[in-house]
Amino acid sequence: MTFVAKPRVHHPKLPLNEIGLTRRDYEGPVSTLCAGCGHDSVSAAIVQACAELSLPPHRFAKVSGIGCSSKTPSYFLSKSHGFNSVHGRMPSVATGANLANRDLYCIGISGDGDSASIGLGQFAHIVRRRINMLYMVDNNGTYGLTKGQFSATNDKGSTSKRGAPNLYEPIDLVSMALQIGASFVARSFSGDKRQLVPLIKAGLMHQGFAFIDVISPCVAFNNHNGSTKSYDYVRGHSDKIVMTDYFTAHDEITADYEPGTTEDVAMPDGSTLRLRKLDNAFDPHDRVSALNYVQTRQAEGEVVTGLLYVDPDAADCHEISNTVERPLNELNEPELCPGNDALAAINESFR
């Protein structure tokens, strides 16, 4: 599929949204991720959310770091502005893009390695700076591009495909976002489109920093040492002139369950992911209660999904810094450099 272009023709009667675009206008090229990867489900959810909101694709800035998840902006909103940055530094690029043009919708796509390890400091500071953006983490607990090492979000005691246990406590990005001051915090599962799409819509429309942690299973690492399709075996028994890997296709993992209930989802490696969907009576306006609830359920081995916290009166970095209404990239030199008299007046105001 890597080299198969998406067909340019489509059904002439595809439904149009409010601005006259079809869902296809929000898509990108064919994904090169493993068949059944949860990240593709996240991309599809973003496509659906943006199409249903009738948002113009050219008014988006999509940024990412390094990793399987950071490849995904190529697969949605192909007519938007995109920037694939270096490992862990996506927040810096997103900050600059938002400050330069506040009129753009900004989506940051990251992974658990990209945000919870090398980019942990960057993640912490973009949360507290309240950049007006939707920050999504495709969280699979492993370094998919570097053959399946534990990431910092992997739960203590879980095992790798080789049976080795993880010896360290996990970093919970949801708890960190709640503690540092994110004004919109949610968690979902890539296979639960009914929950994920509305959360993405809400995050895009939220004025301030919106964070969604998406549990997105990696289907590549269910092989074992004795398999002739394993990474180690292929490396040791071939002379590669083109770096290629083969992954057996897996069915997409989905879940559909009622609010206030739990669902056990079987993972490709034989483990079980236990999800708990928030009850309708849960109050998402209490930050302390949200943090306590996440930690309590986590101690019970459950991953809480849904809108965990939202501040309806949140302010973004432009309100805090009192920037002008016009995007900074549209200002001319006299407006950006008003001269010595203006500088003298500002200095005088601080005396």
Check the pair Tyr143, Ser117 against side chain to side chain donor-acceptor pair (under 3.5 Å), reporting the backbone distance first and the verdict last.
CA-CA 11 Å; Tyr143 286 94; Ser117 291; 2.8 Å; yes

Does [X] [atom1] have over 12 foreign heavy atoms under 6.0 Å away?
| X | atom1 | answer |
| --- | --- | --- |
| Asp341 | CG | no |
| Asn332 | CG | yes |
| Arg130 | CZ | no |

Test: [X] and [Y] ion pair at under 4.0 Å:
| X | Y | answer |
| --- | --- | --- |
| Lys79 | Asp25 | yes |
| Arg24 | Glu27 | yes |
| Asp40 | Lys71 | no |
| Glu335 | Arg326 | yes |

Separation of [Y] [atom2] from [X] [atom1] (nearest 0.5 Å):
| X | Y | atom1 | atom2 | result |
| --- | --- | --- | --- | --- |
| Leu307 | His285 | CG | NE2 | 8.0 Å |
| Leu291 | Leu308 | CG | CG | 10.0 Å |
| His39 | Tyr75 | NE2 | OH | 10.5 Å |
| Leu33 | Cys68 | CG | SG | 6.0 Å |
| Cys317 | Ile131 | SG | CD1 | 3.5 Å |
| Leu99 | Asn329 | CG | CG | 11.0 Å |

Is the closest side-chain donor-acceptor distance between Asn139 and Asp213 under 3.5 Å?
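Yes, Asp213 and Asn139 have a side-chain donor paired with an acceptor closer than 3.5 Å.
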
Report yes or no: do His206 and Ser183 form a side-chain donor-acceptor pair below 3.5 Å?
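His206 vs Ser183: donor-acceptor pair found between side chains.
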
Just by modelled atom types, is the [Y] backbone N or O under 3.5 Å from a matching donor or acceptor in the [X] side chain?
| X | Y | answer |
| --- | --- | --- |
| Thr72 | Ser43 | no |
| Ser190 | Ser216 | no |
| Asn84 | Gly65 | yes |
| Arg59 | Asp103 | yes |
| Asp316 | Glu319 | yes |
| Gln122 | Ser92 | yes |
| Ser321 | Thr323 | no |
| Arg102 | Val324 | yes |
| Arg129 | Ala124 | no |
| Arg194 | Asp192 | no |

Would Tyr26 and Ser78 satisfy side chain to side chain donor-acceptor pair (under 3.5 Å), going step by step from the backbone distance to the final call?
CA-CA 7 Å; Tyr26 292 85; Ser78 60; over 6 Å; no

For a quick test of reading the model, state the closest non-hydrogen atom pair linking Val127 to Ala182 and the distance between them.
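Minimum heavy-atom contact is CG1-N, 3.5 Å.
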
Run the side-chain donor-acceptor check on residues 108-116: report pairs under 3.5 Å with partners two or more places apart or on a different chain.
residue : atom : partner : partner atom : Å
Ser110  : OG   : Asp114  : OD2          : 2.8
Ser110  : OG   : Ser115  : OG           : 2.7
Asp112  : OD1  : Asn140  : N            : 3.2
Asp112  : OD2  : Gly141  : N            : 3.0
Asp112  : OD2  : Thr142  : N            : 3.3
Asp112  : OD2  : Ser151  : OG           : 2.5
Asp114  : OD1  : Ile66   : N            : 3.3
Asp114  : OD1  : Gly88   : N            : 2.7
Ser115  : OG   : Tyr135  : OH           : 2.5

Using the ring-ring contact (aromatic ring centres under 6.0 Å, His included) rule, take Tyr309 and Tyr293 through it: C-alpha gap first, then chi angles, then the decisive distance, then the call.
CA-CA 11 Å; Tyr309 175 75; Tyr293 189 82; over 10 Å; no

Verdict with reasoning, Asn101 to Leu328, per side-chain contact (heavy atoms from CB on, under 4.5 Å)
CA-CA 6 Å; Asn101 191 347; Leu328 299 182; over 6 Å; no

Given Arg187 and Asp172, is the salt bridge (charged side-chain N to carboxylate O under 4.0 Å, His left out) satisfied, shown in steps?
CA-CA 11 Å; Arg187 176 182 275 144; Asp172 183 23; 2.5 Å; yes

Show your reasoning for whether side-chain contact (heavy atoms from CB on, under 4.5 Å) applies to Asp283 and Ser289.
CA-CA 8 Å; Asp283 181 11; Ser289 294; over 6 Å; no

Kindly indicate, with the supporting measurements, whether the criterion salt bridge (charged side-chain N to carboxylate O under 4.0 Å, His left out) is fulfilled by Glu300 and Arg297.
CA-CA 5 Å; Glu300 298 294 327; Arg297 303 321 306 177; 5.4 Å; no

Just do the side-chain contact (heavy atoms from CB on, under 4.5 Å) check on Ile212 and Ile200 with the steps written out, would you?
CA-CA 8 Å; Ile212 303 179; Ile200 294 174; 4.3 Å; yes

Are Lys62 and Phe83 in a cation-pi contact, defined as NZ or CZ under 6.0 Å from the six-membered ring centre and within 45° of the axis?
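Verdict for Phe83: no cation-pi partner in Lys62.
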
With side chains defined as the heavy atoms from C-beta onward, is the minimum distance between Arg89 and Val86 less than 4.5 Å?
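In contact.
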
Just so I know, are the side chains of Met205 and Leu53 near enough to count as touching, which here means a heavy-atom distance under 4.5 Å?
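Yes, close enough: below the 4.5 Å cut-off.
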
